[in-house]
Each structure stands twice: as C-alpha cells, then as structure tokens.
Amino acid sequence: MNFTSGSAGEPKGAAVTHRSVIDFIDSFDTEFGFDRDDVFANQAPFDFDVSVKDIYGGIRCGAEAVLVPREYFSRPAVLMDYLYDNRVTVTVLVWAVSAMCFVSIMNGLTYRVPEEVRTACKL
C-alpha cells in the first residue's frame, strides 16, 4: 500500500500493483535518461508514492539510491552539507513538491547544492 496526499491534501492509501510500477518506471527512466551512473537522493518514506521513483527507478537502470535521513529535510543547510561534505554524489533529485519547496524557501538551494545534480523533478 502506498500513500498519496492527492488533490485534497488528505493522505489516502492506494493499492499499487507490481505491473503498474514496472510499466511506469520503464517510461520514467527512459524519459529522463537515467542510467547506472546516476545516484538518486531518496527523500520520501517507503510508504509514500514518491519513493517508488527513487527506489525502483534506480533498480531498473542499475543506479544507486541514497537514503537521506528524514530529519535533514527540516534543516536545509544540514541537508546540503550532508550531501556535499559526505561526498554523496547525487545526480537526481525526485522530491515531493512540498519537500522541494521547503528546501528552496529556506534557501537550501542557494546555500549549497552538490555539483553533480543534473536532474531535479518535483513530482
């Protein structure tokens, strides 16, 4: 069971079949050109639909998925320092709109951004 806030902002469980994940991830990786040289920075808990893109997208193309500690997203400077100082090579950010907006509003993206980021998706 995955959860999504949907358009109403209320979390709801939605059954996601294995086949639908496989079909989506194939198109997702192909559309964005992800490959084994990419590294996804996972922001979402495993029961949230956004995590499917990081985890299965990475598995499909042989890329790495880095599990970023959840508490870092409430402190954008700590998040960027973690990614940068620990040499977490991140080329892909597939973050929930709310996470991306919060990091941006708190100036995390002007403070410091890992140089390797080449694709950022707000989904």
Side-chain angles (χ1 to χ4, degrees):
M1 184 77 67
N2 268 304
F3 290 87
T4 181
S5 61
S7 59
E10 293 293 321
K12 20 185 173 314
V16 178
T17 66
H18 182 259
R19 180 79 254 163
S20 66
V21 170
I22 297 304
D23 290 344
F24 171 77
I25 291 302
D26 190 44
S27 297
F28 179 70
D29 280 355
T30 302
E31 180 68 27
F32 288 100
F34 300 138
D35 61 36
R36 67 180 182 184
D37 295 326
D38 282 311
V39 180
F40 292 75
N42 175 262
Q43 159 273 320
F46 297 148
D47 61 352
F48 186 49
D49 63 343
V50 175
S51 69
V52 168
K53 296 167 187 80
D54 295 325
I55 295 163
Y56 292 98
I59 289 171
R60 185 215 171 252
C61 66
E64 180 181 351
V66 175
L67 306 179
V68 179
R70 188 174 185 172
E71 63 271 13
Y72 290 3
F73 281 87
S74 62
R75 302 180 350 237
V78 172
L79 169 64
M80 292 304 158
D81 285 342
Y82 168 78
L83 295 175
Y84 200 91
D85 293 342
N86 292 299
R87 301 203 190 310
V88 175
T89 305
V90 175
T91 61
V92 181
L93 303 176
V94 184
W95 293 350
V97 172
S98 57
M100 186 75 80
C101 288
F102 182 75
V103 170
S104 178
I105 288 167
M106 299 301 291
N107 299 314
L109 300 175
T110 56
Y111 166 70
R112 193 177 204 187
V113 176
E115 298 170 2
E116 298 86 2
V117 173
R118 70 169 181 85
T119 305
C121 307
K122 295 186 292 185
L123 301 169

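Residue numbers run from 1 in the order of the sequence given.
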What's the separation between atom CG in Asp38 and atom CD in Glu64, rounded to the nearest 0.5 Å? 11.0 Å
Would you give the length of the straight line joining atom CG of Asp26 to atom SG of Cys61, rounded to the nearest 0.5 angstrom? 11.0 Å
Tell me, please, which residues at least two apart from Phe73 pass ring pair (Phe, Tyr, Trp, His ring centres under 6.0 Å). Trp95
Using every non-hydrogen atom in the two residues, find where Asp29 and Gly57 come nearest and quote the distance to one decimal. OD2-O, 2.8 Å
Out of curiosity, Leu93 CG to Phe40 CZ, how far, rounded to the nearest 0.5 Å? 10.5 Å
Using the rule that Ile, Leu, Val, Met, Phe, Trp and Tyr join whenever any side-chain heavy atoms are under 4.5 Å apart, tell me whether Val78 and Leu83 fall into a single cluster. yes
Take Tyr56 and Phe28 through the test ring pair (Phe, Tyr, Trp, His ring centres under 6.0 Å) and record every step on the way to the result. CA-CA 10 Å; Tyr56 292 98; Phe28 179 70; over 10 Å; no
With sequence neighbours excluded, what pairs up with Asp35 under the side-chain hydrogen bond (donor to acceptor under 3.5 Å, both in side chains) test? none
Common cluster, Val52/Ile22, ILVMFWY with side-chain heavy-atom separation under 4.5 Å: no
Going by side-chain hydrogen bond (donor to acceptor under 3.5 Å, both in side chains), name the pairs with one or both residues in residues 99-113, residues two or more places apart or in two chains. Asp81-Tyr111, Asp81-Arg112, Asp85-Arg112
Show which residues join Met106 in its hydrophobic cluster (side-chain heavy-atom contacts under 4.5 Å, direct or indirect), or state none. Phe102
Sequence neighbours left out, what passes salt bridge (Lys or Arg N to Asp or Glu O under 4.0 Å) with Arg36? Give chain and number order. none
Between Asp37 and Thr91, is there a side-chain heavy-atom distance shorter than 4.5 Å? no
Would you find more than 12 non-hydrogen atoms of other residues, nucleotides or ligands less than 6.0 Å from Glu31 atom CD? no
Validation row: Val103, Met80 side chains within 4.5 angstrom (heavy atoms): yes
Interatomic spacing from CE in Met100 to CD1 in Ile105 - rounded to 0.5 Å: 12.5 Å
Who pairs with Arg70 by salt bridge (Lys or Arg N to Asp or Glu O under 4.0 Å), at least two apart in sequence or on another chain? none
Criterion side chain to side chain contact (heavy atoms under 4.5 Å, CB included) on Phe46 and Ile55, from CA distance to verdict: CA-CA 9 Å; Phe46 297 148; Ile55 295 163; 3.3 Å; yes
So Arg60 and Thr30, side chain to side chain contact (heavy atoms under 4.5 Å, CB included) or not? Walk me through it. CA-CA 10 Å; Arg60 185 215 171 252; Thr30 302; 3.8 Å; yes
Of the non-hydrogen atoms in Val94 and Val50, which two are nearest, and what is the gap between them? O-CG1, 3.5 Å
Spacing of Tyr82 atom OH and Arg75 atom CZ [to the nearest 0.5 Å]: 13.0 Å
With sequence neighbours excluded, tell me which residues meet side-chain hydrogen bond (donor to acceptor under 3.5 Å, both in side chains) with Asn42. Asp54
